[in-house]
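Take a look at the structure below.
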Amino acid sequence: MTADDMTAALVERRRRLLGPAYRLLYDAPLHPVRGEGVWLVEADGRRVLDCYNNVPSVGHCHPRVVEALSRQAAILNTHTRYLHDTVLDYAERLLATVPAEIGNVMFTCTGSEANDLAVRVARSVTGHAGFIVTANAYHGVTATVAEMSPSLGTAVKPGDYVRTVPVPDVYRDGPEGAAAAFTRAVEAAIASLAEAGMRPAALLFDTVFASDGVAVDPPGFVAGAIAAVRAAGGLYIADEVQAGLARTGSHMWGFERHGVVPDLVTLGKPMGDGHPVAALLARPEHLAEFGARSRYFNTFGGNPVSAAVGLAVLDVIRDENLMDNAASTGRRLHLGMARLAERFPVIGHVRSAGLYMGVEIVTDAVSRRPSGALAARLVNGLRTQGVLVGVSGPAANVIKVRPPLPFGAAEVEIVLDRTARVLGDLEAQGALT
Ligand code: PMP
């Protein structure tokens, strides 16, 4: 069998066994068998540069994380109804990274569960029904948060208690009016809920707006909208599943860039370097309210192995200065991509915070029309060249770059070189005009 035949057989076997709801990324599906740092190794031995996966936050199979996991797995793993020091050590370390008002943590296994729990707490604390999310948001898989995830398209009907707001388009409209536009949109959503006899329980958004095409600037643009929701008696839930854990370079958490302390913070993906660890951070007065009326037990959330893994990830971020690295490498990547934009006008806009970058692909610099088709060709071209990126945004035309945090200058050069090569090839084929 050729390598292509083997891949085709695996794709077919997967479809037969797992059913049709799963999607594979890339025209040429990836079949990694090993990971190390920022690299993945495919079944045929090819190395590919991972610029897409923020889950292995401190690098694939980081030895300190693997060691912590194996050590605790060999001693004990159980659930959270027994006493255990490690989960409390981890809780202390996590809470030390957030403002003092946020004093409790509840552990879950996934970001979806963390958001689902945040929704329950917000309902319980406010007694209100309405939720406001962004127009192309993704917040997870449970029935409730899927209703608050318009990026799922027509697959899930949005809840009738959900209102959506557009994220400011700084590329086309400029940064000046972004804050006012976002505030106005949220005020209109509050008014629309009121017309339906509802008040907002919460404004919920991802602090880098990852699935809305990545929106990071200007810092603070969300403040007026949060104030409007609070004035209407609602809470602010910051979803840090994408932005969190040092990725933005300037801060540990995305909400800090905007200068407003949330009521509830949901965490996930990068916490466990690939192991399922997630959490809800909350203000004690809110959990006192919730806990008086509800119980919560999540079998695997906060188990000793997950807690040991989470602690090891925090240690690595600190000891390897990964937040500073995200800032410096992110800046280098941004500048390099902006230089490429001068050569290839289809790169309409480059936006980033640390190692979270969106590169908006358009048909031309004058019309600025989004080109999802071209973005898909670039993503698949880069995959063929051994560089993994993805897409985001309602028109799927924003290249999403969010590599593991130990990404360095040498890797930036590879990304820029391969991007230039793929765009150069597309230009030679006449695909850029
Ligand atoms: N929130 C955001 C912003 C996400 O990107 C995701 C996952 N892509 C989730 C929540 C859900 O997390 P999980 O897949 O761990 O349930």
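Every number for a ligand or one of its atoms is a count from 1 in the order of the listing. Every heavy atom of this structure was used, including side-chain atoms; hydrogens, water molecules and symmetry mates were not.
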_SB check R383 E42 (cutoff 4.0 Å)_ = yes
*Would E360 and R351 pass as an ion pair if we require N to O under 4.0 Å?*
yes
*asked:* Whether D169 and R368 form a salt bridge (side-chain N of Lys/Arg under 4.0 Å from carboxylate O of Asp/Glu) is what I want to check.
replied: no
*Kindly write out the residues that satisfy side-chain contact (heavy atoms from CB on, under 4.5 Å) with E67, not counting sequence neighbours, or none if the list is empty.*
R71
*Write out the protein residues near ligand 1, meaning a non-hydrogen atom under 4.0 Å from one of its atoms, in order of chain and number.*
T110, G111, S112, N115, Y138, H139, G140, D206, D239, V241, Q242, K269
*Are R93 and D315 within salt-bridge range, i.e. N to O under 4.0 Å?*
yes
*asked:* Using a strict threshold of under 4.0 Å (side-chain N to carboxylate O), is an ion pair present between D263 and R283?
replied: yes
